[in-house]
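Below is one structure, written out as structure tokens; the observations come after it.
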Amino acid sequence: MRTIIEPFRIKMTEPIKMLDRGQRIEKLKSAHYNIFFLNAEDCCIDLLTDSGTGAMSTEQWAALMRGDESYAGSRSWKRFKAAVQEITGMKHVFPTHQGRAAESILAATRVKADHTVPNNSHFDTTRANIEYVGGLAVDLLCDRGLDIALEAPFKGDMDIERLEACIKETGADRIPFCMITVTNNTGGGQPVSMANIRETRSVLDKYDIPFVIDACRFAENAYFIHEREKGYRGKPLIDIAREMFSYADAATMSCKKDGLSNIGGFFVCNDDRWAEEFKNLLILREGFPTYGGLAGRDLEVIAVGLMEALDYDYQVYRHATVEYLGNKLLELGIPHVRPVGGHAVFLDSKAFLPHIPPLEYPGIGLVNALYIEGGVRAVELGSVMFGRKDAHGNSTPALLELVRLAFPRRVYTQSHFDYLAEVIEAVWRDRGEITGYRITQEPEFLRHFTCHFKPISSEL
Ligand SMILES: *Cc1c(COP(=O)(O)O)cnc(C)c1O
């Protein structure tokens, strides 16, 4: 059949509240024009993130009941560890309450003040955790990844030449490890090829630098490799995932993505000393190493979810939903990152709203317009999230101004996506009326979550 259907039936439903436009404008105003302050129930289609927002399967709900809540050495921990090791092949496994907890302990135990950590593109929490301990987080994404309109199979690849140049310039002794993020969330959810992971490994081997994979979307990346890279068609996704991890020394994971879980994360590594140091801080910050800040039932849910994420039919459907919206946008000529990513469609707010300069945050203009038009909650990945500010308060804009429409896993159906496309089309039609924003209040770190905005022309 030509039609790709959702490979599941719906057993439980959650109502969606419908507000009118006037009500949404009021809600946005009282949220200081920052969608992070909106109540979820006031969002009709919530595409803020694909993190922890997925629907669990019947097998996961059943597994939840099996949760063994013993403090140490529970049966749930054993099942969790077995699943994580089956996929990653790593010697040491540590649960954490989220991905960022794994990053934070990794940074605290390995990164010193004069250290540099390269990545294809650091995710915001990864960058913040490295910077918090005084390290420098550098992005070395290949040029293809910055070319929004370019149709290329692996735009999340690391720029190998620049990686080697960075190592030579910095000195290998000041690089505690190098990371690769699969898929590249901040750069449009673009995949990283196996060849690139392999090449990164061989460069790092030359300088004896450990390699850490940010594995949040390892299963979606494995699917992309299966579809797009020579030699992988027909291979089980778990084998592809295993090969990816086989090149790494360690990995951080947010199970809220490809763990198909609502909470959780982990850190895995092969090195005994890394593990020992990680474990000591884990006990201080998260909990005993056999639960690491999670309930036994969470460990069960993740053990099942990690395997479900590697189900081929699930990934076919998952990618079909993203492509469905991408194709509609292509037909309408609406600028977005091509090809569409694994978990999201990224609108190009620079091209969408060329009349708004970067430091008037076109991404915020677009995000807020989507909410007003249809109650759709998206998120800015641009100068608010990634812009830099020097000691004198001067701002540098981000390289890209994107708005991410992240798709929760197994949550929305095709009619939701049809509605979404209509909302985007309406905003596109009236784009000339969208104004920029200024920040009226901001914290020092991760400002996008809590800063306040004001529209520059306050017709709203
Ligand atoms: C979500 C995410 C993280 C952080 O994980 P949390 O569970 O949200 O703490 C790190 N890296 C990437 C690429 C992510 O998408």
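We number each residue from 1, following the sequence as shown. Both ligands and their constituent atoms are indexed starting at 1 by order of listing.
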*Could a heavy atom of C216 be found less than 4.0 Å from some atom of ligand 1?*
yes
_Side-chain donor-acceptor pair present, N185, R404, cut-off under 3.5 Å_ = yes
*Nearest to atom 4 (C) of ligand 1, what protein heavy atom do you find, and at what distance?*
T125 OG1, 3.5 Å
_Given Q60, which partner from the list I302, V301, N262 fulfils the side chain to side chain contact (heavy atoms under 4.5 Å, CB included) test?_
V301
*Going by the atom numbers of ligand 1, which of them fall below 4.0 Å from some non-hydrogen atom of S254?*
5 (O), 6 (P), 7 (O)
*For atom 10 (C) of ligand 1, find the nearest protein heavy atom and state the residue, atom name and distance (0.1 Å precision).*
E103 OE2, 2.9 Å
*asked:* Determine whether the aromatic ring centres of residues H226 and Y312 are separated by less than 6.0 angstrom.
replied: yes
*Using a heavy-atom cut-off of under 4.0 Å, does the side chain or the backbone of R100 touch ligand 1, or both, or neither?*
both
*asked:* Pairs of nitrogen or oxygen atoms closer than 3.5 Å, one from G99 and one from ligand 1: do any exist?
replied: yes
*Mark up the atoms of ligand 1 that fall under 4.0 Å of a heavy atom belonging to T181, in ascending order.*
13 (C)
*Just say parallel, tilted or perpendicular for the rings of Y412 and F417, cut-offs at 30° and 60°.*
perpendicular
*May I ask you to decide whether E442 forms a salt bridge with R447, counting only side-chain N to carboxylate O separations under 4.0 Å?*
yes
*asked:* Check this for me: does any side-chain nitrogen of one of R409 and D258 sit under 4.0 Å from a carboxylate oxygen of the other?
replied: yes
*Close N or O approach (K256, ligand 1; < 3.5 Å)*: no
*Who's closest to atom 1 (C) of ligand 1 heavy-atom-wise, of H122, Q98, H343, K257?*
K257
*asked:* Which residue in the set D214, D139, T183, V192 passes side chain to side chain contact (heavy atoms under 4.5 Å, CB included) when paired with N120?
replied: V192
*Protein heavy atom at shortest distance from atom 11 (N) of ligand 1*: D214 OD2, 2.7 Å
